[in-house]
J.: 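Following this message is one structure expressed as structure tokens.
To find a chain, count down the sequence lines: A is the first, B the second, and so on, and within it residues start at 1.
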There are 2 protein chains.
Amino acid sequence: MKRNKLWRLRTEEYSKAAFETLSEEGLSGTTVEKVAKRAGVSKTNVLHYFGNKARLLEMALRYGNADLAREVSALLIRSNTPWERVYSVIEANFSRQFFTPKIAHAWLSLLAEIPYNPSYQRIQTAIHQRMRSNLMHALEQLAERERAEEVALAISVMIDGLWLRCGLHEGGIGRDTALQQMELLMESLFPNSPERLAAKARIDEIQSILNPG
Amino acid sequence: MKRNKLWRLRTEEYSKAAFETLSEEGLSGTTVEKVAKRAGVSKTNVLHYFGNKARLLEMALRYGNADLAREVSALLIRSNTPWERVYSVIEANFSRQFFTPKIAHAWLSLLAEIPYNPSYQRIQTAIHQRMRSNLMHALEQLAERERAEEVALAISVMIDGLWLRCGLHEGGIGRDTALQQMELLMESLFPNSPERLAAKARIDEIQSILNPG
DNA sequence: CTTTTTATAGACCAGTGAGTCTATACAATC
DNA sequence: GATTGTATAGACTCACTGGTCTATAAAAAG
């Protein structure tokens with residue numbers, strides 16, 4: 001169907017525009033009009049595809065997550081050991097392309113709306129759920145179940161916290177500080193583990209190959 | 001000055017109303033009108049005291065933080081050792097009264113605006129700065145400076161992350177899970193430290209006396 | 001080649017929200 | 001007691017925003 005193709009193309013285009021607008025103008029500054037302007041089309045057209053603003057932002061949330069999800073997958077399929085899978089999740093979350101104040105701004109703007117919009121809530125729950133699941137599959141092979149749960153939560157909470165700080169003020173936390181913090185956490189949780197460090201090194205390398213600069 | 005007294009009273013009242021509105025309606029749902037209604041006065045009156053909405057929300061941010069700051073102080077002045085000071089910061093941040101989804105919602109809503117409003121940014125920077133300072137004074141006596149810096153950051157980032165999760169969805173993270181996570185972090189960072197555990201126990205006790213329930 | 005569907009835009013509408021203007025009650029000051 | 005300043009509210013304005021209605025061009029279908 002040609003219709004469906006164009007549909008997908010446009011929704012992706014406009015979701016992206018919405019995400020970018022969000023990151024530059026904040027939630028209160030994001031209007032359908034501005035998103036349309038950024039995409040170079042009329043407001044009517046954007047509404048034609050999404051029906052209403054809420055759904056547009058919903059798709060923006062999905063859009064923002066899709067990139068990250070791809071990055072995680074790309075590392076995950078190249079992982080051979082549990083430790084490598086853990087570091088795939090970590091590294092992907094602080095990839096140079098994604099872990100930027102701009103993107104963190106947009107993410108923050110959407111997060112703030114989550115409590116008031118069940119639809120966003122479902123999406124975010126799914127996102128967290130997937131991260132937890134990715135971590136658990138790996139960690140269960142490295143620790144007892146209960147500890148694995150705790151640790152998985154600690155890792156993902158720390159990731160969220162670092163993203164939050166990244167979005168908060170420009171000069172705040174960058175990739176290096178973030179990774180250093182994650183390493184402080186990991187080294188404290190699992191001290192003296194050559195396997196862990198080897199995995200970290202390998203994933204780091206893979207990531208810098210996949211995504212140079 | 002009687003004038004100043006009333007002024008203080010009203011600004012406090014309205015800041016509180018704004019904070020509460022924020023927590024129930026989110027940022028997009030918070031209008032000057034609604035805040036006024038909640039305070040039982042006219043919109044004009046609220047505007048009379050704050051001039052504009054931005055300054056109202058700015059005061060709401062300060063208001064929300066003031067409570068927390070008092071809680072930290074109350075524990076801090078009763079602390080005798082560095083470890084107790086560290087746990088004062090931690091416990092205060094997860095006090096039963098403050099660490100609630102409602103308050104976390106309001107806090108999230110304001111955070112999302114920080115990147116777009118220099119004034120909020122300054123306030124938030126000051127808040128983070130004070131937390132860092134509180135932690136550093138204590139941690140410097142427990143580790144070398146560089147490690148103290150790292151650890152202080154780790155603790156405050158984890159606190160932020162847990163607040164974020166608390167605000168995200170109702171059934172998410174509660175005080176118990178949060179404190180358990182903090183303890184996982186602390187135990188990993190400083191294993192086998194009876195002094196630390198004693199301090200934790202003492203602050204926990206003081207806190208439950210000051211703030212029963 | 002006509003008919004129907006899809007894509008796109010322009011004009012418009014209704015609602016809302018921030019902020020102002022005007023007015024009144026009230027307190028303080030002289 | 002007159003005057004000045006403060007607190008408060010009601011009516012109003014102006015800008016803007018989400019969303020709809022109408023129209024047209026383009027494409028698909030027949």
J.: If you only use heavy atoms from C-beta on, which nucleotide in dT20(C), dA7(D), dA9(D) is closest to the side chain of Leu47(B)?
T.: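 Looking only at heavy atoms from C-beta outward on Leu47(B), the closest nucleotide is dT20(C).
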J.: Under 4.0 Å between a side-chain N or O of Asn45(B) and OP1 or OP2 of dA7(D)?
T.: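 The answer is no; no side-chain N or O of Asn45(B) sits under 4.0 Å from OP1 or OP2.
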J.: Separation of Lys53(B) atom NZ from dT16(C) atom C1', in whole Å?
T.: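 Distance check: Lys53(B) NZ to dT16(C) C1' gives 11 Å.
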J.: Within the modelled atom types, does a donor on one side and an acceptor on the other bring the side chain of Lys43(A) and the base of dG19(D) under 3.5 Å apart?
T.: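 Indeed there is one.
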J.: Any side-chain donor paired with an acceptor under 3.5 Å for Arg165(A) and Ser156(B)?
T.: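 Yes, a side-chain donor-acceptor pair sits under 3.5 Å.
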J.: Whole Å only: how far is the CZ atom of Arg8(A) from the P atom of dA7(C)?
T.: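 After rounding, the gap between these two atoms is 13 Å.
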J.: Looking only at side-chain N and O atoms, does Tyr49(B) come under 4.0 Å of OP1 or OP2 in dT8(D)?
T.: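 So the side chain of Tyr49(B) is within the cut-off, an N or O lying under 4.0 Å from OP1 or OP2 of dT8(D).
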J.: In whole angstrom, what separates Lys37(A)'s NZ from dG18(D)'s P?
T.: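 Interatomic distance, NZ of Lys37(A) to P of dG18(D): 14 Å.
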J.: Do Lys16(B) and Glu12(B) sit within salt-bridge range, that is, some charged N less than 4.0 Å from a carboxylate O?
T.: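 Salt bridge: no.
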J.: Just the rounded figure in Å: distance from C1' of dT5(C) to CG of Leu6(A).
T.: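 Distance check: Leu6(A) CG to dT5(C) C1' gives 13 Å.
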J.: Report yes or no: is there a donor-acceptor pair, N or O only, under 3.5 Å between the side chain of Thr44(B) and the base of dG19(C)?
T.: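 Answer no: no donor N or O sits under 3.5 Å from an acceptor.
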J.: Between dG15(C) atom P and Asn52(A) atom CG, what is the distance in whole Å?
T.: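 Distance check: Asn52(A) CG to dG15(C) P gives 18 Å.
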J.: What is the distance from CD of Glu25(A) to C1' of dT17(D), rounded to the nearest Å?
T.: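 Result: 14 Å.
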J.: Can you tell me how far apart CD1 (Ile123(B)) and CG (Leu57(B)) are? Round to the nearest 0.5 Å.
T.: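 The distance works out to 10.0 Å.
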J.: Got a salt bridge between Glu13(B) and Arg10(B), using NZ or NE/NH1/NH2 to carboxylate O under 4.0 Å?
T.: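 A salt bridge is present here (some side-chain N lies under 4.0 Å from a carboxylate O).
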J.: Rounded to the nearest angstrom, tell me the gap between atom NZ in Lys34(A) and atom C1' in dG19(D).
T.: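 About 18 Å, once rounded to whole Å.
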J.: Can you tell me whether the side chain of Thr31(A) and the base of dG18(D) have a donor-acceptor pair closer than 3.5 Å?
T.: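 Answer no: no donor N or O sits under 3.5 Å from an acceptor.
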J.: Could you check whether Glu149(A) pairs with Arg145(A) (Lys NZ or Arg NE/NH1/NH2 to Asp/Glu carboxylate O, under 4.0 Å)?
T.: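 Looking at Arg145(A) together with Glu149(A), the answer is yes, because their closest N to O distance falls below 4.0 Å.
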J.: Select base, sugar-phosphate, or nothing to describe what Thr30(A) touches, counting heavy atoms under 4.0 Å on all strands.
T.: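 Contact class for Thr30(A): sugar-phosphate only.
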J.: State whether Arg10(B) places a side-chain N or O below 4.0 Å from either non-bridging phosphate oxygen (OP1 or OP2) of dT6(D).
T.: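 Indeed not, no polar side-chain atom of Arg10(B) lies that close.
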J.: Take atom NE2 of His48(B) and atom P of dA23(C), then tell me their distance rounded to the nearest Å.
T.: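 Going from NE2 in His48(B) over to P in dA23(C) covers 18 Å.
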